[in-house]
K.L.:
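Dumping the structure here so I can ask a few things about it.
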Amino acid sequence: MARARTIHGTSVSPGLALGPVHVVRAAPDAVPHWSVAEEDVPAEISRLRRAIAVAGDELLRRQRLVAEQTGERDAQIFAVHRMILQDPSAVREVEDALRADRVNAETAVHQLIGKLEQTLRPLEGNSVRSYSADLSDPWREVLAALMNVAQLEQVGQGKVILAAAVLTPQVVTSVERERLLGIVAEAGGRFSHAAVLARAFGVPCVVGLPGLLTRLEQGMQLAVDGGRGTVELRPSEEAIVDFEERRARLEERRASLAERAAEPAQTTDGGALGVSVNIESLRDFDIFDVSHSDGIGLCRTEFLYMERAQFPSEEEQFRMYRRVLERMAPKPVTLRTLDIGGDKRLPYFQTPKEENPALGWRGLRVSLEWQDLLRVQLRAALRAGVGRDLRILLPMVASLEEVEATRRIFDGVRASLLEQGWEVESDVPVGIMVEVPSVLFCLDTLLPKVDFVSVGTNDLVQYLLAVDRDNPWVSKLYEPHHPAVIRALANVAQASRAAGKPCSVCGDMADDPATAVLLMGLGYDSVSVAPYFLPEIKYAVRRTTLAAAEDLAREVLAQDTVEGVKRSLAVVRERLHF
Ligand code: PEP
Ligand code: MG
């Protein structure tokens, strides 16, 4: 019997995509090492030269990106890196090593990096940014290109649907956004950081498709329905016509929702829900209309750091944050301090390899240990916030001590800026993310110390249910609509209201319109979502009443099971025609 051409998986990001597939091969973690026969040395040298060219192109791409984002001056480092790769003596050294030792190009480049770092390190002081890294970084780029060169060559020029074994941030960013039609993966967490990126880019994405890769050929036509979570292989003419019709209808609907998206999300009986957007990059401003949003509810600053070759200086950060604040003015912008760790790594910052990174050195823990990083970030943010509505949000808070320590640093930074003659706003609100369950039980002591709270349900769910959000083996158990999560959400809203502190949800569960209505009913003031979802949420809120949302909250809170919660939400979805 012929195998079905439509495969059913799990929806990660809605939308429809039709186009050729490109299968991404994951880059290996360790540098591979093998011996090369004498007659194969010329081929290995050509591979090396190709990789140097690919790395040069990649550096040029980043140079342009940074120039566009923060200016030519910041982009100069990439020009320097490109020049380093053109230095004939370094290239000769790698080629000589390759010939003499008859090793693969990866090994020869890896040896050069080791040598550069070894010889130059004693020259450096304690500066976070090292001279040796400036010389070795471009070669790391060559190494990355060597390990991916086949993949990069095959992606070609046109628009593609990416397919991978596991959905990772590397997969999502392996082609330029403009060329990304959709993403399909055999495995991946619906609320993983990679999923967050796919949704932020607004591209359809489906995971949970075991055995998919064995059925694909490079360039094969696919039709992806992100909302339904289906992938059709080699769609027939008829299926394509049907697909195009559905796509036209979807676009029509989105266009009509966009018409009223600038109006506030208010109900006829006095209810209201602030709807802001989450951004990861200055380029996100290209994909949404700032007039639609009530502000930036979450700016994940770590992604701004990730797009660079080194830690951004205070000046660079100042310029990036200022641009975000200017674009949104006079609306509020919530900058979250650096939240690295887990699968969010900075290429130039060595973090330990941890057995259990989700429970490890992440978020505020890193900032409190490397306090200079935090100070620089806060200085830049406070300087950028002059005359603008800036708010600071702290990720991965687990205790009162952490909040107090951060407050002391914040006050110190403010005082020193004023002493140095900088202008600073007198009341920049500082809030915490509710992600670690310990916070749920210490709201009485924490709330008086903060100005607002924002619930990061992506992490809260993983910690509350003990289900790693990035582990595809347990992704079925990751359930934001678990009654424990709903009760936790209700408690946070109730305690915040009682303390007179604004509360919002910025995790991805808020981007489902029925769930957003539920959150309003539970007492949340606002939600912050990937831009794609904003018009639908505003529409959903306008079509309901506060009384109905509160009834829904009561009904959902009375449910004992995930199924029960989902049933109640399904009724709302039906009523709102979603
Ligand atoms: C969250 O955990 O819900 C959140 C918004 O933060 P991130 O997804 O960046 O971890
Ligand atoms: Mg989080």
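Counting starts at 1 for both ligands and their atoms, in listed order. Given the structure is predicted, the values throughout are model-derived calculations rather than measurements.
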K.L.:
Please list all pairs passing the ring-ring contact (aromatic ring centres under 6.0 Å, His included) test where one or both residues lie in residues 431-462, with sequence neighbours left out.
P.N.:
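Sorted pair list comes back empty.
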K.L.:
Number the atoms of ligand 1 from 1 as they appear, then name those within less than 4.0 Å of a heavy atom of Gly456, with their elements.
P.N.:
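Within the 4.0 Å cut-off of Gly456, ligand 1 contributes 1 (C), 2 (O), 3 (O).
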K.L.:
Going by salt bridge (charged side-chain N to carboxylate O under 4.0 Å, His left out), name the residues that satisfy it together with Lys449, two or more places apart in sequence or in a different chain.
P.N.:
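Listed in chain order: Glu404.
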K.L.:
What is the ring orientation for Phe191 with Tyr478, classed by angle as parallel under 30°, tilted 30 to 60°, or perpendicular over 60°?
P.N.:
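Correct class here is parallel.
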K.L.:
Less than 4.0 angstrom from a charged side-chain N to a carboxylate O is my criterion; do Glu314 and Arg383 meet it?
P.N.:
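Salt bridge flag = yes for Arg383 with Glu314.
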K.L.:
What's the shortest distance from atom 2 (O) of ligand 1 to any protein heavy atom, and which residue and atom give it?
P.N.:
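Here the closest protein heavy atom is Glu435 OE2, 2.8 Å.
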K.L.:
Check whether more than 12 heavy atoms from other residues, nucleotides or ligands sit under 6.0 Å from atom CD of Glu178, and answer yes or no.
P.N.:
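Buried by this count: over 12 neighbours within 6.0 Å.
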K.L.:
Within ligand 1, which atoms have a heavy atom of Gly507 less than 4.0 Å away?
P.N.:
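Close to Gly507: 3 (O).
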K.L.:
Less than 4.0 angstrom from a charged side-chain N to a carboxylate O is my criterion; do Arg61 and Glu58 meet it?
P.N.:
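Salt bridge present between Arg61 and Glu58.
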K.L.:
Considering only protein heavy atoms, which is closest to atom 5 (C) of ligand 1, and at what distance to one decimal place?
P.N.:
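Minimum-distance protein heavy atom for atom 5 (C) of ligand 1 reads Arg300 NH2, 3.4 Å.
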K.L.:
Less than 3.5 Å between some nitrogen or oxygen of Arg469 and one of ligand 1, yes or no?
P.N.:
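N/O-N/O distance under 3.5 Å: yes.
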K.L.:
Does the gap between the ring centers of Phe285 and Phe288 come in under 6.0 Å?
P.N.:
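Between Phe288 and Phe285, which both carry aromatic rings, the centre distance is below 6.0 Å.
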K.L.:
Please indicate whether any nitrogen or oxygen in Glu302 is less than 3.5 Å from any nitrogen or oxygen in ligand 1.
P.N.:
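No, Glu302 has no N/O under 3.5 Å of an N/O on ligand 1.
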K.L.:
In plain terms, say whether Asp451 and Arg391 are close enough for a salt bridge, that is, a side-chain N and a carboxylate O under 4.0 Å apart.
P.N.:
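Not counted as a salt bridge, because no side-chain N and carboxylate O are separated by less than 4.0 Å.
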K.L.:
Do Asp339 and Arg362 sit within salt-bridge range, that is, some charged N less than 4.0 Å from a carboxylate O?
P.N.:
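Between Arg362 and Asp339 there is a salt bridge, with a charged N closer than 4.0 Å to a carboxylate O.
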K.L.:
Under 4.0 Å from any heavy atom of Lys344, which atoms of ligand 1 are there?
P.N.:
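Heavy-atom distances to Lys344 below 4.0 Å select 9 (O), 10 (O).
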K.L.:
Give me the residue, atom name and distance of the protein heavy atom closest to atom 6 (O) of ligand 1.
P.N.:
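Protein heavy atom with the smallest distance to atom 6 (O) of ligand 1: Arg336 NH1, 2.9 Å.
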K.L.:
Side chain to side chain donor-acceptor pair (under 3.5 Å): which pairs involve residues 484-508, sequence neighbours left out?
P.N.:
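Qualifying pairs, neighbours excluded: Arg199-Asp508, Ser454-Ser504, Asn458-Asp508, Arg497-Asp525.
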K.L.:
Which residues and atoms, protein N, O or S only, are under 2.8 Å from the Mg ion (ligand 2)?
P.N.:
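For the Mg ion (ligand 2), the protein N, O and S atoms that sit under 2.8 Å away are Glu435 OE2, Asp459 OD2.
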K.L.:
I'd like to check which ligand 1 atoms, numbered from 1 as shown, lie under 4.0 Å from a non-hydrogen atom of Leu298.
P.N.:
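In order of numbering, the contacting atoms are 5 (C).
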